[in-house]
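Note that ligands are numbered from 1 as they come in the structure, with each ligand's atoms numbered from 1 the same way.
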Amino acid sequence: KLKEGLAVRPPTFCPGCPHRASIHAVRKALKGVKHVLATDIGCYSMSPLLPLEYGDTLLSMGASLGVANGLQYAVAEPVIAMIGDSTFYHAGLPGLANAAYRNSNFKLFILDNDVTAMTGQQTNPNTRMTEHPAGQPLILEEVLKGLGVRDITIVDPYQVKATVDKMKEALQRPGFGVIISRRVCALHGDRWKKKKGEPIIPNKIDKNACKQFYTCIRDFYCPAYSLDENRQAVIAPELCDGCNVCGQLCQNSAVVSTREVKL
Ligand code: SF4
Ligand code: SF4
């Protein structure tokens with residue numbers, strides 16, 4: 001009975017989820033390079049599932065770092081690891097200390113969405129949008145520096161080209177490095193917007209400009225997208241979060257903000 005009315009599809013990232021944008025950028029930055037990805041526990045655990053199917057190991061909280069520390073000796077391909085800010089503080093610190101101390105040969109992506117999103121947007125030591133017992137959060141990059149990480153890159157996954165370019169540069173540098181992909185969880189951000197009375201402004205397809213390449217759907221899989229009866233891509237305004245990542249992917253500039261254009 002519980003299954004009645006459920007959509008027939010695997011679980012997926014929310015519209016506007018920064019993890020989808022981060023994963024898209026990592027794949028673009030490593031396009032054509034065979035590599036191994038050790039992932040971890042959080043919303044981004046959906047990465048190895050359909051439709052993204054990106055990720056080679058998924059074990060337990062914090063395991064991405066331990067697995068990558070070992071894999072660098074076992075495989076010929078470049079190794080990367082992916083962990084969220086919350087899981088990093090929960091169980092990633094020992095593996096990080098080891099990687100920094102040994103200058104391990106892999107890159108760590110920390111998907112910093114500000115909260116423990118998977119279990120309901122609880123706070124963690126990194127959360128900026130809350131009050132802290134000690135008055136301030138444990139700033140990720142400061143903790144990394146304190147543990148001896150010398151190569152730290154910070155990107156905003158909603159800025160697609162800049163993120164891919166910075167990731168490419170970071171991936172080419174030798175030794176251990178950390179790329180922090182920082183953008184608040186879309187659901188958490190929306191709650192704050194609501195509290196402050198700020199609107200969510202969805203995107204829309206300009207049907208005159210759309211040439212039906214379907215890059216928006218094939219490359220990004222945002223669940224706000226669907227096809228209408230004429231196989232025209234459409235965006236559900238009640239689902240769209242207005243992140244505009246899809247707008248940056250369309251070669252025909254056919255994805256526009258409803259803030260700018262009345263269609
Ligand atoms: S809850 Fe937040 S982090 Fe998790 S899938 Fe949704 S937007 Fe992404
Ligand atoms: S702007 Fe595009 S990618 Fe972002 S939530 Fe809306 S439809 Fe999805």
Side-chain angles (χ1 to χ4, degrees), residues 7 9-25 28 39-49 51-52 54-55 82-88 109-124 126-129 156-160 163 180-194 199-207 209-210 213-228 232-261 263:
R9 58 161 173 72
T12 190
F13 298 105
C14 305
C17 176
H19 292 340
R20 181 188 289 102
S22 298
I23 291 163
H24 179 267
K28 274 250 150 108
T39 185
D40 221 299
I41 306 295
C43 288
Y44 47 92
S45 299
M46 292 186 282
S47 178
L49 305 178
L52 298 181
Y54 188 47
M82 189 179 280
I83 193 169
D85 53 319
S86 177
T87 302
F88 174 72
F109 290 84
I110 302 184
L111 307 190
D112 173 5
N113 65 355
D114 205 55
V115 283
T116 311
M118 186 173 71
T119 49
Q121 285 84 33
Q122 294 87 354
T123 58
N124 69 58
N126 176 61
T127 305
R128 293 169 293 280
M129 296 161 84
D156 173 0
Y158 279 7
Q159 304 300 321
V160 178
T163 294
I180 300 172
S181 191
R182 176 169 286 153
R183 174 61 74 159
V184 69
C185 157
L187 284 190
H188 190 58
D190 288 351
R191 283 182 191 152
W192 275 83
K193 274 186 188 167
K194 248 187 200 167
I200 296 166
I201 301 168
N203 270 4
K204 193 166 183 173
I205 306 285
D206 177 350
K207 291 180 184 170
C210 176
F213 291 175
Y214 303 126
T215 312
C216 49
I217 294 175
R218 285 206 193 103
D219 266 24
F220 204 58
Y221 310 107
C222 175
Y225 272 83
S226 61
L227 294 179
D228 71 9
Q232 168 65 57
V234 290
I235 296 173
E238 69 278 15
L239 291 179
C240 175
D241 202 53
C243 71
N244 195 38
V245 173
C246 59
Q248 295 167 68
L249 303 180
C250 177
Q251 303 96 312
N252 304 307
S253 305
V255 186
V256 290
S257 171
T258 51
R259 187 205 305 264
E260 292 153 13
V261 173
L263 294 170

**Request:** Look at atom NZ of Lys194 and say whether more than 12 heavy atoms of other residues, nucleotides or ligands are closer to it than 6.0 Å.
**Result:**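 No, because the 6.0 Å sphere around NZ of Lys194 holds 12 heavy atoms or fewer from other groups.
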
[atom] - nearest protein heavy atom and its distance:
atom	answer
atom 4 (Fe) of ligand 1	Cys43 SG, 2.4 Å
atom 3 (S) of ligand 1	Asn113 ND2, 3.3 Å
atom 1 (S) of ligand 1	Gln121 NE2, 3.5 Å
atom 7 (S) of ligand 1	Ala186 N, 3.4 Å
atom 6 (Fe) of ligand 1	Cys14 SG, 2.4 Å

**Asked** Does any N, O or S atom of Cys17, backbone or side chain, fall under 2.8 Å from atom 8 (Fe) of ligand 1?
**Response** yes

**Prompt:** Would you say Gly242 touches ligand 2, if touching means a heavy atom closer than 4.0 Å?
**Reply:** yes

**Message:** Within 2.8 Å of atom 2 (Fe) of ligand 1, is there any N, O or S atom belonging to Cys185?
**Reply:**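 It does: Cys185 brings an N, O or S atom closer than 2.8 Å to atom 2 (Fe) of ligand 1.
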
**Asked** Where is the tightest heavy-atom contact between Asp112 and Asn126, given as atom of each residue plus distance?
**Response** OD1-ND2, 2.8 Å

Using modelled atom types and a 3.5 Å cut-off, is there a donor and acceptor pairing between side-chain atoms of [X] and backbone atoms of [Y]?
X	Y	answer
Arg20	Pro15	no
Thr258	Ile201	no
Tyr158	Ala21	no

**Request:** Take every heavy atom of His19, measure it against each atom of ligand 1, and state whether any distance is under 4.0 Å.
**Result:** yes

**Prompt:** Can Arg20 be said to touch ligand 1, with heavy atoms closer than 4.0 Å?
**Reply:**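 Under 4.0 Å: no for Arg20.
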
**Item:** ligand 2 atoms in contact with Asn244 (distance to a heavy atom under 4.0 Å)
**Value:**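 Those of ligand 2 that fall under 4.0 Å from Asn244 are 1 (S), 4 (Fe).
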
**Item:** atom 8 (Fe) of ligand 2 neighbourhood, protein N/O/S only, threshold under 2.8 Å
**Value:** Cys222 SG

**Message:** Quick check for you: to the nearest 0.5 Å, what is the distance between Arg259 atom CZ and Asn244 atom CG?
**Reply:**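 These two atoms lie 10.0 Å from each other.
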
**Prompt:** Which of the atoms of ligand 1 are close to Ala117, meaning less than 4.0 Å from one of its heavy atoms?
**Reply:** 1 (S), 2 (Fe), 3 (S), 4 (Fe)

